[in-house]
2 protein chains.
Amino acid sequence: MQSPQMKMPLWLDKRAFLTPERPAIEVNGEKWNWAWLNKEAKGIARRLGSIGVSKGERVALLMDNSLNMVAVIHALSYIGAILVPLNNRLAAPEITWQLLDAEAKLLLYDSAFQEKVAQVDVDKTKVMAWSEMLTYVETDIDLQTHIELSDIHTIMYTSGTTGRPKGVILTYGNHWWSATSSMLNLGLNTEDRWLVCTPMFHMSGLSILLRSVVYGITAVIHKDFDPVKVNQAILQEGVTMVSVVSAMLSRMIEGVTMEGYPDHFRCMLLGGGPAPRPLLEKCRERGIPVFQTYGMTETASQVVTLSPEDSLQKLGSAGKALFPTELRIVMGMKDVAPGEEGEILLRGFNVTQGYWKRQDATEKAIQEGWFRTGDIGRLDEEGYLYVLDRRSDLIISGGENVYPAEIEATLLSHSAVVEAGVTGVPDDRWGEVAIGFVCVSQEKNVAEQELILYCENRLARYKIPRRIYFVKELPRNAANKLMRRQLLHLLSRKQDEGVNEE
Amino acid sequence: MQSPQMKMPLWLDKRAFLTPERPAIEVNGEKWNWAWLNKEAKGIARRLGSIGVSKGERVALLMDNSLNMVAVIHALSYIGAILVPLNNRLAAPEITWQLLDAEAKLLLYDSAFQEKVAQVDVDKTKVMAWSEMLTYVETDIDLQTHIELSDIHTIMYTSGTTGRPKGVILTYGNHWWSATSSMLNLGLNTEDRWLVCTPMFHMSGLSILLRSVVYGITAVIHKDFDPVKVNQAILQEGVTMVSVVSAMLSRMIEGVTMEGYPDHFRCMLLGGGPAPRPLLEKCRERGIPVFQTYGMTETASQVVTLSPEDSLQKLGSAGKALFPTELRIVMGMKDVAPGEEGEILLRGFNVTQGYWKRQDATEKAIQEGWFRTGDIGRLDEEGYLYVLDRRSDLIISGGENVYPAEIEATLLSHSAVVEAGVTGVPDDRWGEVAIGFVCVSQEKNVAEQELILYCENRLARYKIPRRIYFVKELPRNAANKLMRRQLLHLLSRKQDEGVNEE
């Protein structure tokens, strides 16, 4: 939704004024308080000024979770530049495409990504390593002192059900309302320490960073997810809140005795789809307070949350829409009765106003003031949400959203492939992985490994199909639309026939 | 400031949906959960519909703190009617004046005020006892499901430096932002129980009621302030937060041993001017977490707050402006240097857009987007606020604001009084009390007691001058403006002369 114009002090500036000495960020034992973080962020903002970045321009980041990444995200606010956080697992062609689409002024990258960046092909974006940025002087420019809640803070790319990723527009207001809604549900303790063990280029990580500055609490940041380190952070380093998906929680639980976590640990925020009952039961045995939640980039993170006391009684539910967000279940934009299935619609100040330069996609997604999630769900008699199907055919692999349409488009770009269909299959480690089905042209000869290699050159690793099966035709409905949920039937048939199996 | 248009679900409706079973309100051991409070409020809203109250109309309440008062305040939201809470210590002529000014559609009163109401003289306001309201049927009207943050929630009268009280306009947005700002400072625990022992016709009481519905915490409500009962509520009934003024806290401390309050008690929010050092020291000895605070009706309650760790080190300071409110110290609308005195200006979404039907007063109070408090203060180098003088000549008596101008106007309306000046003197029990100085016409003979009686018939008890002194002339400056701060010099001179003393 369009955020109304409301000016307020720049968040980091206000926070550093209010509580300069409180710990702001902790990475690998290194601690910055708010005053120091503010000084660092302002320094980087002045260097970005030297480089020529100005208000409203897009700055893409290809970085690992780090103090630097935190500092530059805040630095962008001082200039009024727009953050475009890139998934650092993307392949070079995907990065190229997002930089072009965002019309990024600058791509700033960690040296770890040097090799990948070398293959990025853009001429209107300045491409610069972190170390090179530091060689610029701190220009004496006017830094912003205020932000408008209606100003754009982030453009975050998300793949859709069709074709290319879309840039989700998120304003300061979207992030603000997400932060306060979450607080009204989870409470706030000034001693809170919220662990970021998901990437900050995703909403789950970025949202914690932005909450920490509004709340004045510490963000404890891990570069990668390591269940042993996460448990250690909770058991020995005073972490009180963690955001995870089921696959991460399963691995953490293995290392936790029946005594569970210490009392100060008050919130395990669990996203990424309904959690399996055995996992929830293990958590209950250990007294771990699990808050199941539902959200997406378009809602600036969690928007529907289930409290721990309901987690088993309402098994599989994502809970109720946070104060003051609203939720409806509709069929053809008409509300259905409780218990009936329909599309999940959301309305609230945390919800995006639409997609970057995608008038059509925006008009399709936001109708009559409501955001159409594309997800299917139902409400029970008490108003608890059950998400039945994440969008059409979404695959969630290791916490990353994988959209079949994007992989199909890549497969179809291969000269031998005539038709392509992609779906997900269960996987012990990643939750789900993608598998592909292709019809190939009779004249061309192509092997499964060749197609997989073809994908590897063009797609992030987590999107690569685990297997690609060759079939005569794909299941389609009367309108010739691919019916992805029937792809698995092909698999069992192929297994019966013993074809294309190792 | 004008709140922007932002629609959200009606607070009580959303709260009752989210947490129907949680305790909402507790009065004298009687407990209502959110579902029940919602049912009661909707019932009253339907009766008010029967009576003919509709959206935008003003409904005045003359009530004691009670379950009924809570229910009717929420009922007004369901109709979109505007709350006009009357100070129940006002004299009948004061009530008459406020009803006329607000153009109230309805005055609803507790039977305890029957006698006072009998003297109220209005013909355009329906005057109705609570019991009579209950005889109306619940009309099947459309209740509001949403509120606009820009809609007016409350008109609360506050006396000014000149003449008649003014109705401060407070929108839903003002209350919302006050609630979230306070939460960002004090934190939020879903187990919180916030004690209301100040009247709900004041901001300090009303604001707790409105926070409780947004936060989903319990408001424990006392009809009057009784230090023994308040201590009992903290010691034995799980109250975690209390809002008080210094005079109240002093009386509470007398009943508290050195062990202090239990650990769950986390916030003593102390308003009503700087606290004396001995009081703060006693609190520290007992480990009582005192948050000193500064605010006013126009800012929808506290807006600057000092945390307990700073309470002695920054003795006398009110703290820093809450996130995201802004504060300036100016002379002639130009910022002064740190350490220098000036007028305190405030800007934020919790700040009123102005006074009801008082274009002039509004334009005087809100300039260049900033609210001029009229209070004098300074900031130290770290940005902590010290309030030096509450508006010109404000007297704070037992937590009530007493404006000399209003009492002077009353004295001047007596046929014998030619000139009048009022100021405050220290008082052990009430903090301050008013005293008056009058010049009388030579032809008329009038005694001190006659003038005091005259005031008693026209003003609330806490405004009545303790003493009235007869003098030849009042101290005035070159522009003939009364210099109230010099009135006390007359007193010492009179004492020297032994005149008009008992």
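Every chain is numbered from 1 and lettered A, B, ... according to where its sequence line falls, protein lines coming before strand lines.
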Practice prompt. Indicate the atoms forming the closest heavy-atom contact of B:Pro324 with A:Pro9, along with that distance.
Written response: O-CD, 3.1 Å
Worksheet item: Among pairs that include at least one residue of residues 9-25 of chain B, which meet salt bridge (charged side-chain N to carboxylate O under 4.0 Å, His left out), considering only residues two or more places apart or in two chains?
Response: B:Asp13-B:Lys42
Response to the item:
In short, B:Phe349 meets A:Lys7 closest at the heavy-atom pair CZ-O, 3.1 Å
Worksheet item: Going from CE on A:Met6 to CE on B:Met6, what distance comes out if it is rounded to the nearest 0.5 angstrom?
Response: 6.0 Å
Item to complete: Check whether A:Ile217 gets within reach of chain B through its side chain, its backbone, both or neither, counting any heavy atom under 4.5 Å.
Response: neither
Fill in: Among the listed options B:Pro20, B:Gly319, B:Gly187, the residue most often paired with chain A at heavy-atom distances under 4.5 Å
B:Gly187
Fill in: Region of A:Thr325 in contact with chain B, defined by heavy-atom distances below 4.5 Å
backbone
Worksheet, complete the sentence: Counting heavy-atom pairs under 4.5 Å with chain A, the top scorer among B:Thr180, B:Leu186, B:Leu188 is B:Leu188
Response to the item:
With sequence neighbours left out, the residues meeting salt bridge (charged side-chain N to carboxylate O under 4.0 Å, His left out) with B:Arg378 are none
Worksheet item: Which region of B:Ala321, side chain (C-beta onward) or backbone (N, CA, C, O), has a non-hydrogen atom less than 4.5 Å from a non-hydrogen atom of chain A, or is it both or neither?
Response: both
Item to complete: To the nearest 0.5 angstrom, please state how far the CG atom of A:Leu18 sits from the CG atom of B:Leu322.
Response: 8.0 Å
Item to complete: Can you tell which part of A:Asp192 gets under 4.5 Å to a heavy atom of chain B, answering side chain, backbone, both or neither?
Response: neither
Discussion item. Is it true that, when you exclude A:Arg284 itself, more than 12 heavy atoms of the residues, nucleotides or ligands shown sit nearer than 6.0 Å to its CZ?
Written reply: no
Worksheet item: Which of these passes ring-ring contact (aromatic ring centres under 6.0 Å, His included) with B:Phe323: A:Trp176, A:Phe17, A:Tyr215?
Response: A:Trp176
Practice prompt. Supply the atom-to-atom distance B:Arg266 CZ to A:Thr190 OG1, rounded to the nearest 0.5 angstrom.
Written response: 8.5 Å
Worksheet item: Step by step, would you call B:Leu184 with A:Val214 a side chain to side chain contact (heavy atoms under 4.5 Å, CB included)?
Response: CA-CA 8 Å; B:Leu184 285 173; A:Val214 172; 3.8 Å; yes
